[in-house]
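In what follows, a structure is listed as structure tokens, so that the remarks can point back to it.
Both counts, for ligands and for their atoms, begin at 1 and track the order of listing.
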Amino acid sequence: MLTRRDLLKYGISTATLSGFAPRFARGDDGGGATSPFKTKPFIQELPFPLVKSPFSTGSTCLAQLPTTGVKAGPGEHQFINRDGCAPVLAYTIDVHEALHQFHPDMPATKIFGYDGTFPGPTFHAKYGEPVLVRFFNNLDAHHVGFGVPSITTHLHNSHTASESDGYPGNFHDSGTYWDNHYLNILNGFSQDPQTTDSGECMNTLWYHDHRLDFTAQNVYAGLAGFYLLFDDKDCGDETNRDGFQLPSGEFDVPMVFGDKLFDADGQAVFDFFNLDGILGDKFTVNGAIQPFLNVKPRKYRFRFLDAGPSRFYALAMSDGSQMVQISSDGNLLSAPFPRSVVTVAVSERHDVIIDFSKYQDGDKVYLMNRAEQTDGRGPTGNLLNPGDPLVEFRVTSFHATDVSRIPSTMRIPPPIRLDQVVTTRFWEFNRGNGQWTVNGQIFKEEEIRAHVKCNTREIWRFKNGGGGWSHPIHTHYEESRTLTRNGRPPAAFEADRKDVSVLGPGEETEVLFNFRDFHGKYVTHCHNVVHEDHAMMIRFDIEP
Ligand SMILES: [Cu+2]
């Protein structure tokens, strides 16, 4: 039960206890949708998604993998050894409907789940160890309600061949399977492996559904999970002095945020008719509404992921303590960056270190969302005070060993080479005729909007056409370097590598790509997934 002291920490009085309920979906005007269920906060522990085990511990011949159902694709893989056994760790994922309870005060609701869970299981992958994942679509072909029993799985931020990238048009139906191959190798490997740069390592990735026209529904239904990629430095072992010694094991905590709306029966609901973007009034973290986490008085690494569909977060500690941001999207920064508010747009990931060593046994401190957002268009830009509590951290003991460190230098990205830029492209994101457009056009699967020559550099200018909307723009295939934001150099936390370029109202960014290695079709799109589905996305092809 919340104590009066807890309430005072938020700066609110007991008279406004109902203020603990997250805000209405569309603001406090009462016009927005609200879930009829009262859910008492902080009575369930933060769930940890299971770590996925491989099909077998060594290399697996593809022929050894189960083949239930019909193979849907792909026909061929780039860069896979088809002679004899493929040199990969193999996994199988069974995508099916399941029941999930978001809160003990609510009945279970139907979800789509990777292995039937939400979030899906967490992959622990390593650089130099290629992975093949066979995704079985075992969703109910006669499914009713939101979500479609047809999937394509994208590993967000990964440098992946087109046929394994979850291209929106590469969907496969119930009763079929698809093999995605993740090389887990440094970008540029096909040119000259000697010139690859460990400064381009990525670490915090996530996988999610990317079904053409139905991504918002399918991800909201539950198709999202973490894929953590480790290497010699970010090695998952804080005792290894050759590595960065970032907090590891139980002190390395992935957190996926998602806001949900429920009906009177406790079932998740999805508003098909709201094309602005949809908000829920229940804040979930790892599939639990407002959980608590017992913590020891030491450093933790939290991997924040905003899985949408349309909400932006401004994450802060309830007592105003600073967090140390160590990554931006999947990438460790060149240097740690202390911030009291960490903003996370849909699909962005930011890892932070929070040090609980200053707290006493029995102290409680809260992770808050301070972003004001009253509709699916994007945040208002105001910071709420105190905001909505997402997680209650309970400091549980006086002593804890902590050999972890926050290195002063982490990943130094390769130098920016503007002399090698061959083309500049311009993309304006707008609303037109009730649809979401890029340069005035909606996505058409067969229409190639850019022909990009493999192994070249290009500058892309992204512009928000206005109207008060926010658009987090995600590009598949390669990460980018932000050259300018609104004509100025980017902030430190945006200056290294990114796979999402967030366009606030009226904003413009200029980013540099170095397109390398694979060929095929890819997409750039708004990751407010409602905008993406209606149809703010372009196809670009990487050509030899
Ligand atoms: Cu958008």
Side-chain angles (χ1 to χ4, degrees), residues 25-26 154 156-157 168 206 208-220 224 257-259 270-280 305-314 329 343-349 371-381 425-444 449 460-476 480 482 485-486 494 498-511 522-540:
R26 291 181 202 162
H154 173 54
H156 186 116
N157 200 178
W206 67 298
H208 63 81
D209 190 61
H210 218 305
R211 179 27 166 112
L212 180 69
D213 299 339
F214 293 94
T215 294
Q217 294 180 41
N218 279 4
V219 175
Y220 186 79
F257 304 106
D259 50 332
F270 184 97
D271 183 353
F272 297 98
F273 303 104
N274 182 352
L275 302 190
D276 289 357
I278 56 171
L279 297 181
L305 160 64
D306 177 357
S310 304
R311 187 180 288 281
F312 290 56
Y313 293 81
D329 293 338
T343 53
V344 196
V346 185
S347 85
E348 280 192 307
R349 286 125 289 132
E372 182 185 63
Q373 186 165 353
T374 55
D375 57 35
R377 293 164 164 246
T380 63
R425 300 181 199 269
F426 176 71
W427 306 107
E428 182 167 313
F429 297 82
N430 257 316
R431 184 164 185 134
N433 298 325
Q435 297 275 63
W436 296 101
T437 63
V438 186
N439 290 356
Q441 295 172 57
I442 60 168
F443 179 73
K444 294 195 189 77
R449 304 281 292 278
W460 287 17
R461 287 168 55 213
F462 295 130
K463 182 175 167 54
N464 185 334
W469 314 97
S470 288
H471 303 296
I473 305 303
H474 171 52
T475 299
H476 292 210
S480 60
T482 307
R485 169 170 292 280
N486 306 322
E494 195 181 20
K498 295 270 303 162
D499 63 70
V500 184
S501 194
V502 182
L503 297 177
E507 286 198 309
E508 185 168 350
T509 58
E510 211 177 11
V511 306
Y522 293 92
V523 286
T524 290
H525 60 90
C526 179
H527 223 297
N528 178 333
V529 278
V530 177
H531 299 182
E532 171 188 333
D533 285 340
H534 295 279
M536 193 176 248
M537 180 153 66
I538 57 150
R539 168 179 169 179
F540 65 94

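- Electrostatic pairing of Asp375 and Arg311 does not count as a salt bridge here, judged by no charged N lying under 4.0 Å from a carboxylate O.
- Side-chain contact annotation: Glu532 with His210, donor-acceptor N/O pair under 3.5 Å present.
- For the Cu ion (ligand 1), the N/O/S atoms of Cys526 include one lying under 2.8 Å.
- Looking at Arg431 and His531, their side chains never bring a donor and an acceptor atom within 3.5 Å of each other.
- The name of the N, O or S atom in His531 nearest to the Cu ion (ligand 1) is ND1.
- Among heteroatoms of the N, O or S kind in His471, ND1 lies nearest the Cu ion (ligand 1).
- A heavy-atom distance below 4.5 Å is found between the side chains of Thr482 and Lys498.
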